[in-house]
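To start, the structure itself, in structure tokens.
This structure is a prediction, so every number in the text was calculated from the model and none was measured.
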Amino acid sequence: MRLSLKKIGAGFLCASALGHASDLNVYQDTAVYTFIPQNGYLGFAEGVKASCKGDEFLLKKQQACPDTERLCQEFLAHQKTKQALVLTSEKLKMLDKLISFPKSGVFDPQSWIEGAKMIGEESAGLLLEQEKLKTAFAMEEEAFSGQTQSANPLYLPKECEEEIKLTFPHGQINFSNFYEAEFLDENHIEVTQYLSILNRSGIDIKADRAMFYYRPAHRYINPIHFTPWIVSKYAPQVPKEHRAVMTKMAPMANDAMVSEAMMADESASIEASYEDARTYKVKNLSLPSLGAAVDVPVVSWTASVECKIHVYPYAGTMPYTLCTFEPAYQIDSNRWKIKSKEEIINDNAAGEYYEGAYRLYAKAEEDIQILRKPIVQNEKNTGFFGNIARKKDGFILGITNKSDKPKTLIVTERIPVSSAEEIKVKLLSVSSSEKIEYKELKEGRIEIKLDLKANESKMIEVLFEISYDKELKIDY
């Protein structure tokens, strides 16, 4: 699930009593929140460090929870469901005991039937109620645990006349980037960069200024001292025995789980900006600990784009549309959503920098079918001329456009490339029933430009020859 900031609007007023004039700094390994609290309640959190005037102190866990706070309301409702579930289970136990009590007096069939009917109806109702409560309890448990890792309300142990600083462990507040490309027409796209922010710390955050950094908060630097560069007589070294040692790797900060939880205050709108390469700033950020993500637009620009259909049959027979453009800003993530005004083209597209431009792998062209099969050779295709053996080989491409529209695609194929002087490879022909346009490039690369009419099929034959010393054995 992902919420868009544009759709959320300004309807959320943060229920937490945390104060204003606050800062949030999010790094790849931690997050630091500085604020002035208005009361002692903080939220539900685990592993959070707190300090006042530079002095660290322990936060207090209490059972009491203000029913005006958002997470407290969910917690208390969850406790109420748990209490109802326990009560229903106890009623069922008591009913079982009642059934097992010994019967006294004269057996009355009518009374026995009426009693059994009453007990059965009561038992069925309780079992049904128990199943409903179990389902509700599991759903509430999942929703609450997605917002925080703790079930204990946290409080400040003492008042602090200055700002409180909370330091969150890695993983509780995260961010990442993704991009959206919207086609304005065939030759232009609007690129929008989004910052996705996730808070599942258990503490609702309101920050006048929030900074997001693609780096650790504190980099560890190994001590370095000068050592001389020695020239000495060569002496062969005896190989040392190396024993495999298992080391515990420190957790690395990955691209943050993408977010779903940031709402706008009615009195101030969120402003996000691109500050520097891999550094972002957001003003007036309201970030409740919902464990869900919201996408904040950071920067947007229009670019000229060129799109072509490509396929590499030797690697895979699915053609795809490849779009190339010049980015106006550095692109920090290769996750893309591609759309037009009418539809979502691809909500999980890849991108990459390549040869000075940026490439978007926009969509698969499923209307184009491609088959590639080798040409079966026999012994007559290998001849000997003196000490040189010449072997002919190749493959056939069958390409069909199943669409009712014409298509143009670039087919990239290859022939073997020699790694030894004694082996020579040359292209003999690229042929079809009609003349086709192709280029022979470096390293055995062949580019074929192919125009297909609606529902048209074409066959292309590629032949090459390998010449080598007849004493050699070759492999390709």
Side-chain angles (χ1 to χ4, degrees), residues 236-242 244 308-322 324 334 350-357 359-361 364-366 368-402 407-452 457-476:
Q237 295 183 354
V238 179
K240 294 182 179 179
E241 292 186 7
H242 294 279
K308 295 180 180 179
I309 300 175
H310 286 259
V311 66
Y312 291 70
Y314 66 87
T317 56
M318 175 59 75
Y320 56 88
T321 297
L322 181 68
T324 306
N334 293 323
E352 65 173 353
Y353 279 100
Y354 189 80
E355 294 182 346
R359 305 171 79 177
L360 273 180
Y361 294 82
E365 294 289 341
E366 299 186 21
I368 300 177
Q369 183 180 21
I370 296 180
L371 297 175
R372 185 184 194 268
K373 59 181 182 180
I375 295 175
V376 179
Q377 302 289 355
N378 52 43
E379 291 300 324
K380 293 181 180 179
N381 292 67
T382 302
F384 295 93
F385 302 88
N387 293 326
I388 302 298
R390 300 185 186 278
K391 180 178 180 180
K392 292 182 180 180
D393 205 342
F395 49 87
I396 295 174
L397 299 174
I399 304 174
T400 303
N401 177 18
K402 294 185 175 182
K407 303 274 187 177
T408 298
L409 66 155
I410 306 298
V411 181
T412 301
E413 261 296 350
R414 65 181 184 179
I415 61 173
V417 177
S418 173
S419 61
E421 290 186 4
E422 299 90 343
I423 303 173
K424 308 291 183 183
V425 183
K426 70 175 181 179
L427 178 66
L428 296 177
S429 64
V430 178
S431 59
S432 182
S433 58
E434 299 177 5
K435 185 178 179 180
I436 57 174
E437 180 183 340
Y438 74 91
K439 292 185 292 185
E440 183 180 5
L441 305 175
K442 295 180 179 179
E443 298 181 329
R445 179 170 178 158
I446 303 169
E447 279 194 1
I448 305 168
K449 183 180 178 182
L450 198 61
D451 294 317
L452 292 172
S457 296
K458 287 188 177 181
M459 301 289 288
I460 300 174
E461 182 183 78
V462 179
L463 291 175
F464 58 88
E465 181 183 80
I466 305 176
S467 57
Y468 54 95
D469 190 295
K470 66 181 181 181
E471 301 298 327
L472 290 177
K473 290 184 178 180
I474 61 171
D475 184 38
Y476 62 97

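Counting heavy atoms from C-beta on, the side chains of I399 and I460 come closer than 4.5 Å. Within the 4.5 Å cutoff, the side chain of K391 has heavy atoms near those of the Y476 side chain. Using a 4.5 Å heavy-atom cutoff, the side chains of K426 and L428 are in contact. When side chains are defined from C-beta on, I410 does not count as touching I309, because their heavy atoms never get closer than 4.5 Å. Using a 4.5 Å cut-off on side-chain heavy atoms (C-beta onward), L322 and L360 make no contact. Under the 4.5 Å side-chain criterion, counting only non-hydrogen atoms from C-beta, K458 is in contact with L452.
Every residue meeting the ring pair (Phe, Tyr, Trp, His ring centres under 6.0 Å) condition with Y361, not counting sequence neighbours, appears here in chain and number order: Y320. Taking the salt bridge (Lys or Arg N to Asp or Glu O under 4.0 Å) definition, one finds that E447 meets it with R445, sequence neighbours left out. A search for side chain to side chain donor-acceptor pair (under 3.5 Å) contacts involving S467 returns nothing, not counting sequence neighbours. For K449, there are no salt bridge (Lys or Arg N to Asp or Glu O under 4.0 Å) partners two or more places apart in sequence or in a different chain. Taking the ring pair (Phe, Tyr, Trp, His ring centres under 6.0 Å) definition, one finds that Y353 meets it with Y358, sequence neighbours left out. For T324, the side-chain contact (heavy atoms from CB on, under 4.5 Å) partners two or more places apart in sequence, or in a different chain, are A357, R359. A search for side chain to side chain donor-acceptor pair (under 3.5 Å) contacts involving D451 returns T408, not counting sequence neighbours. Qualifying side chain to side chain donor-acceptor pair (under 3.5 Å) partners for K407, counting only residues two or more places apart in sequence or in other chains: E365. In this structure K402 satisfies the side chain to side chain donor-acceptor pair (under 3.5 Å) test together with Q369, sequence neighbours excluded. The side-chain contact (heavy atoms from CB on, under 4.5 Å) search around A350 returns none, not counting sequence neighbours.
When all heavy atoms of L463 and E461 are compared, the closest pair comes out as CD1-OE1, 3.6 Å. Counting all heavy atoms, side chain and backbone alike, I368 lies closest to N401 at CG1-OD1, 4.4 Å. Taking both residues in full, the closest heavy atoms of V311 and G316 are given as CG2-O, 3.8 Å, listed atom of the first, atom of the second, then distance.
Atom CG of L371 and atom CZ of F395 lie 14.0 Å apart (nearest 0.5 Å).
Under 4.0 Å is where a charged nitrogen must lie from a carboxylate oxygen, and between E465 and K392 no such pair does.
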Table please: side-chain donor-acceptor pairs of residues 430-444 below 3.5 Å, with sequence neighbours left out.
unit_1	atom_1	unit_2	atom_2	d
S432	OG	M459	O	2.7

What pairs of donor and acceptor atoms, side-chain ones from residues 412-425 against any protein atom, are under 3.5 angstrom apart with sequence neighbours left out?
unit_1	atom_1	unit_2	atom_2	d
E413	OE1	R372	NH2	3.2
E413	OE2	Y314	N	3.4
E413	OE2	R372	NE	2.6
S418	OG	A420	N	3.1
S418	OG	A420	O	2.5
S418	OG	I423	O	2.6
K424	NZ	E421	O	3.4

- Message: Working note: H310 + L409, criterion side-chain contact (heavy atoms from CB on, under 4.5 Å); need CA distance, chi angles, decisive distance, verdict.
- Response: CA-CA 6 Å; H310 286 259; L409 66 155; over 6 Å; no

- Task: Show your working on side-chain contact (heavy atoms from CB on, under 4.5 Å) between D393 and F464 and close with a plain yes or no.
- Result: CA-CA 6 Å; D393 205 342; F464 58 88; 3.5 Å; yes

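Other residues, nucleotides and ligands contribute more than 12 heavy atoms inside 6.0 Å of the CD atom of E352.
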